[in-house]
Amino acid sequence: MATTSKTSWADDVDELEQPRLPKIEETVDENGVRTTIEYTVNDEGKKVKVTRKIKRVLQKAVVEHAVAERKTWAKFGKEKGNKPGPDRATTTVGENVTLKLTAGNKATEPEPSEDQNIKANLAKAGAGKVTCRLCKGDHFTAKCPYKDSLAGLDGAETPPIGDEDGLGVAEAAAPVPAGPSTGGKYVPPSMRAGAGARPGEAMGRPGGNRDDLPTLRVTNVSEDTSDNDLRELFGSFGRVVRVYIGRDRETGIGKGYAFVSFEEKAVAEKAMAKVHGMGYDNLILNCQWSQPREAR
DNA sequence: GTTGAGCGA
């Protein structure tokens, strides 16, 4: 339905655009107060006059030379002949956005979002630090130097399952106390507190972890040597507790070294003497005592 | 060339 006499949509544009263009007068007085008076037409078609006074706080201007120099350039195009600086009627001055290049993005996170703040506050107690659950030192529990002596002293007592009837477990518990709970998990008797010895010792084996075992570092191992090969080789001297072959994590190819842990130091010593310098898979094996990983 | 993986608050 044609209701207008317009011949071109461009007329519409003219009529719409014309009144919208705000007229702005701008003055700056001797105190540095900038006054802008803006005339616009609002939605109801009424003329509106908006006066803004902006007081600039004077500060020692630190301006880059190149920037200062640019200000004096003659304007061109529609701004030709205008005074220096941006004309607020035509130009919006936004905030400076600076791009910072840093190595990694963790150290200079700009401003934590709100929920990050909440999380940070929740974590305040620990303040991002690690506290040993056994000795309260600032290392992980697993690395606690006292973990052998303190392990099992933590936590609340939990009655054993099936003790609701008051019979059974509690009665039989006299000789071997249930000991501190480990969170409902089964704990073999040898591992329970009060068992007297540490797990390995109960079996007549020294030490609880690999760093207590007499361990040889074997280097110049060919890359297709398997831990079974080494078990066979070293097993002839005595019990081999553990064999580890250093491999590339991605490819799984041997990196040429291995660790062999024995039960007895004397056996390890003998094995070292025999194997060191021994030819194996076209290479000559090299055997030395291994330093515990942490000691290095 | 050659001294171990992984778990975690």
Side-chain angles (χ1 to χ4, degrees), chain A residues 106 112 115-148 150-156 180-188 191 198-200 205-235 239-263 265 268-269 271-273 275-296:
Chain A
K106 284 180 185 165
D115 53 336
Q116 278 173 327
N117 270 332
I118 292 168
K119 275 182 199 163
N121 286 335
L122 284 176
K124 264 271 162 63
K129 290 246 172 122
V130 177
T131 308
C132 175
R133 285 189 285 253
L134 297 178
C135 76
K136 315 296 181 210
D138 61 351
H139 45 254
F140 282 116
T141 309
K143 297 229 170 105
C144 179
Y146 310 113
K147 81 166 166 245
D148 281 339
L150 293 178
L153 295 182
D154 60 337
S181 159
T182 49
K185 280 186 208 147
Y186 171 76
V187 178
M191 300 275 284
R198 289 180 295 172
R205 215 189 297 139
N209 68 57
R210 68 145 188 258
D211 289 339
D212 294 332
L213 295 167
T215 300
L216 297 181
R217 172 182 122 240
V218 188
T219 56
N220 222 17
V221 181
S222 80
E223 60 183 36
D224 41 41
T225 303
S226 73
D227 32 346
N228 276 337
D229 294 337
L230 292 180
R231 251 177 216 285
E232 265 177 45
L233 175 63
F234 286 94
R239 256 211 179 294
V240 173
V241 178
R242 196 183 72 110
V243 172
Y244 176 90
I245 298 205
R247 301 178 181 280
D248 184 281
R249 213 179 328 171
E250 257 77 59
T251 66
I253 296 169
K255 286 198 280 193
Y257 61 86
F259 294 92
V260 181
S261 302
F262 294 86
E263 246 177 27
K265 193 170 176 190
E269 227 159 334
M272 176 165 58
V275 174
H276 184 74
M278 173 187 184
Y280 193 81
D281 260 8
N282 80 352
L283 293 174
I284 294 175
L285 292 179
N286 186 323
C287 252
Q288 292 166 56
W289 287 117
S290 160
Q291 302 294 117
R293 189 162 139 74
E294 303 302 327
R296 276 181 271 115

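Note that these values count all heavy atoms, side chains included, but never hydrogens, waters or copies made by symmetry. Throughout, a chain's letter reflects where its sequence line sits, starting with A, and its residues are numbered from 1.
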Where the side chain of A:T141 is defined as all heavy atoms beyond and including C-beta, which of B:dG4, B:dT2, B:dA9 is the nearest nucleotide? B:dA9
Within the side chain of A:R217, is there an N or O that forms a donor-acceptor pair under 3.5 Å with the backbone of A:S290? no
Separation of B:dA9 atom P from A:L134 atom CG, nearest Å, is 15 Å
Give the rounded distance in Å between these two atoms: CG of A:N286 and C1' of B:dG1. 13 Å
In whole Å, what is the span from the CZ atom of A:F259 to the C1' atom of B:dT2? 10 Å
Chi class for B:dG6: syn within 90° of 0, otherwise anti: anti
Start at the 5' end of DNA chain B and walk down; is the nucleotide closest to A:G254 or to A:S261 reached first? A:G254
For A:N220, all residues meeting side-chain hydrogen bond (donor to acceptor under 3.5 Å, both in side chains), sequence neighbours excluded: none
Tell me: NZ of A:K136 to C1' of B:dA9, nearest whole Å? 12 Å
Evaluate the ring planes of A:F262 and A:F234, with Trp represented by its six-membered ring, and classify them as parallel (under 30°), tilted (30 to 60°) or perpendicular (over 60°). perpendicular
In whole Å, I'd like the distance from the CZ atom of A:R247 to the P atom of B:dT3. 16 Å
A:T219 side-chain proximity, nearest of B:dA9, B:dT2, B:dG4: B:dT2
A:F140 ring over B:dG8 six-membered base ring, under 5.5 Å and 30°: yes
With heavy atoms under 4.0 Å as the rule, sort A:R249 into base, sugar-phosphate or nothing. sugar-phosphate
Tell me: CG of A:D227 to C1' of B:dG4, nearest whole Å? 12 Å
Could you tell me how far apart A:Y244 (OH) and B:dG4 (P) are, to the nearest whole angstrom? 8 Å
Closest listed nucleotide, where the reference is the side chain of A:A142 and the choices are B:dA9, B:dT2, B:dG8: B:dG8
Mind calculating the distance between CZ (A:R242) and P (B:dG4) to the nearest angstrom? 11 Å
Show me the donor-acceptor pairs within less than 3.5 Å that the side chains of residues 277-287 of chain A make with the rest of the protein, sequence neighbours left out.
from: A:D281; atom 1: OD2; to: A:S222; atom 2: OG; distance (Å): 2.8
from: A:N286; atom 1: OD1; to: A:Q288; atom 2: NE2; distance (Å): 3.0

Find the distance between OG1 (A:T219) and NE2 (A:H276) and round it off to the nearest 0.5 Å. 8.5 Å
